[in-house]
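Heavy atoms only: backbone and side chains are in, while hydrogens, waters and symmetry mates are out. Order of the sequence lines fixes the chain letters, A, B, ..., with proteins taken first and strands second; residue numbering starts at 1 for each chain.
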2 protein chains.
Amino acid sequence: MSSSLKDVAARAGVSARTVSNVVNGSARVSTQTRQRVQEAIDELGYRPNLAARNLRAGRTGVIGLAIPELHSPYFGELAGLLVDEARRRSWTVIIDQTHGDAEAERRLLTGDGGRAMDGLIISPWALEAQEVATTARPLPVVLLGERSPQGLADRVAVDNVAAADEATTHLLALGRRRVAAIGLQPHLHNGTAEQRAEGYRSALRRAGVTPKPRWERSVTSLHRQDGARAMAELLDGDDGDTPDAVFAFTDELALGALHMAHARGLRVPDDLAVVGFDDIEDSRFSHPTLTTVSPDKRQIAERALQCLADRIYSPENEVPALDLTIPHRLVVRGSTGPGAQAH
Amino acid sequence: MSSSLKDVAARAGVSARTVSNVVNGSARVSTQTRQRVQEAIDELGYRPNLAARNLRAGRTGVIGLAIPELHSPYFGELAGLLVDEARRRSWTVIIDQTHGDAEAERRLLTGDGGRAMDGLIISPWALEAQEVATTARPLPVVLLGERSPQGLADRVAVDNVAAADEATTHLLALGRRRVAAIGLQPHLHNGTAEQRAEGYRSALRRAGVTPKPRWERSVTSLHRQDGARAMAELLDGDDGDTPDAVFAFTDELALGALHMAHARGLRVPDDLAVVGFDDIEDSRFSHPTLTTVSPDKRQIAERALQCLADRIYSPENEVPALDLTIPHRLVVRGSTGPGAQAH
């Protein structure tokens with residue numbers, strides 16, 4: 001005998017609507033109520049038929065995921081977490097890879113050629129966040145990253161300015177004064193890069209170090225080869241002006257910089273201390289291991305899908321757009337570890 | 001004025017069916033004809049309405065992609081290539097992550113809860129290939145990897161035995177004799193691992209080296225931490241029995257082994273030569289850079305989608321199942337480079 005939603009509601013002493021909210025993962029249920037409903041679900045062995053329920057509600061059970069690059073370790077890890085979390089909520093995921101191309105970013109926003117989706121998660125590189133939010137309407141959309149949709153859609157991001165400031169301050173605290181930055185992208189109007197550059201400069205100024213344009217290296221993309229090239233440019237500078245530390249805006253850039261430092265015979269961290277950003281798995285196994293800013297990627301995935309679930313299952317709530325800041329922490333490893341104190 | 005398919009056929013002097021085959025990317029058109037049709041398409045500015053055509057033919061324009069792990073660099077790179085190639089063919093991609101779980105591998109095979117797809121690409125870890133092929137029917141399915149569907153479905157793979165033999169022979173040619181292997185997965189009945197172990201052992205035997213069970217290290221997964229742990233086990237062995245070379249079955253395992261070798265103060269390649277498998281981007285930037293077997297990943301993606309296109313657009317052809325072997329090559333880098341000759 002299979003139990004119904006009403007059975008669960010009766011057992012838990014709540015309304016059917018509340019059970020529905022719990023099953024749909026809505027945030028608008030107190031922890032105590034959620035727990036009581038979950039216990040009733042477990043006791044009765046209730047299994048919601050999501051496909052049928054979606055059909056009745058005019059939903060498709062499909063969400064879109066638009067990611068710049070699947071081959072990049074950061075986005076590969078994040079996409080894996082997002083897909084798992086979507087599956088946990090019984091959503092089917094349509095994936096698209098945009099390579100930061102505006103046309104590609106618009107593809108899923110307009111429903112992928114009429115294909116129906118219940119919502120969309122996108123990490124835009126080319127489009128302005130407001131365009132993303134307005135183009136998607138009425139499709140619920142959650143933006144990942146630093147481009148702010150100014151209250152037009154939910155957004156999940158880390159505090160890039162603060163994180164970059166911490167990373168740079170860590171290098172300064174080691175006694176380093178010639179601290180370079182790798183990863184500016186002036187041609188892209190890339191909000192991430194701009195915010196990380198801002199945090200970098202403010203940390204330098206607070207320490208009484210004047211930022212030098214020569215120490216800020218631009219890149220065309222965010223991969224290892226770009227980091228290696230930028231590091232070579234820094235090392236080819238005048239003697240005495242060579243950096244003794246580098247803050248790279250992604251771990252991939254940092255690993256490329258490490259690679260070039262090795263090739264030029266520099267000791268890391270003794271001659272050159274290095275900090276990255278993203279905490280990709282690789283940074284725990286490189287030689288030396290990489291100090292990095294670690295955003296809570298699991299929480300990014302969970303919160304993004306929670307936002308989407310709330311919009312999809314409780315559209316009548318009309319909650320103002322959320323701007324969620326996900327915690328980060330600086331993980332200190334070998335590339336700024338023992339031996340990194342200036343001497 | 002927009003041109004029709006018939007206009008293109010008339011201009012190219014071929015049948016409408018042939019134009020359709022070219023547009024759909026079918027392999028069953030000669031290169032010359034394809035070129036003539038493409039010229040006519042370009043001259044007339046013909047733009048096929050794929051969505052409408054799919055609808056008429058009872059197709060959805062959606063394919064499924066079931067990948068074990070998006071966070072693994074190899075599968076991240078491969079998924080990126082597959083998604084790009086699918087988009088080039090105007091297919092929408094439903095992605096699923098199986099983590100090698102049998103139930104998860106079955107999900108898309110049975111049409112994702114009734115959701116219609118035109119075909120499926122899957123890299124099975126848990127299910128036998130024959131089960132994959134028969135469960136999917138009548139859905140066209142292409143298998144990636146070493147599990148052979150025995151003529152029940154198309155398969156795209158590299159020759160793992162030959163590739164592992166080459167990798168091991170390369171280490172033996174450096175004069176190394178205590179060559180270990182990291183990556184066996186006896187509990188998983190993992191075909192990849194078994195084939196790579198077979199190539200490893202046959203290369204040893206041909207060189208007159210008796211394979212030692214102690215040198216064959218099993219792992220629970222294929223990531224860096226597993227490689228580091230297996231390397232530690234090898235180094236904790238009796239003196240005189242410590243390996244002077246390691247063939248790791250994936251680059252991630254090899255990079256974990258490198259990490260542990262560094263931690264134990266070994267010089268790579270002088271004390272320990274290392275070869276990996278996959279040629280992930282990381283292997284070009286590690287310290288030292290990693291010698292590895294490089295499968296042609298782009299060709300894997302292109303051939304897999306070509307197989308799927310042929311099944312979807314020309315089902316009447318009933319071509320016997322294809323078993324495609326994709327080329328690989330050994331890329332020699334620092335981890336077996338100068339300094340690796342035995343001394």
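Using a 4.5 Å cut-off between heavy atoms, B:Ser72 makes no contact with chain A at all. Neither the backbone nor the side chain of B:Ala86 comes within contact range of chain A; no heavy atom of the residue lies under 4.5 Å from a heavy atom of that chain.
Annotation: B:Arg333, atom CZ; neighbour count of heavy atoms from other residues, nucleotides and ligands within 6.0 Å is above 12. Atom CZ of B:Arg298 has 12 or fewer heavy atoms from other residues, nucleotides or ligands within 6.0 Å.
For the residue pair A:Phe285 and B:His259, the shortest heavy atom distance occurs at O-ND1, 3.3 Å.
By number of non-hydrogen pairs under 4.5 angstrom with chain B, the leading residue of A:Asp84, A:Leu78, A:Val83 is A:Asp84. Across A:Asp282, A:Leu70, A:Leu255, the residue that shares the most heavy-atom pairs under 4.5 angstrom with chain B is A:Asp282. Interface check for chain A: of the options B:His223, B:His99, B:Glu69, the most heavy-atom pairs under 4.5 Å are formed by B:His99.
Classification of the B:His262-A:His287 ring pair by plane angle, with boundaries at 30° and 60°, yields parallel.
Note: A:Asp96 CG to B:Ile95 CD1 = 10.5 Å, rounded to the nearest 0.5 Å. Atom-to-atom distance recorded for B:Glu252:CD and A:Glu281:CD is 6.0 Å, nearest 0.5 angstrom.
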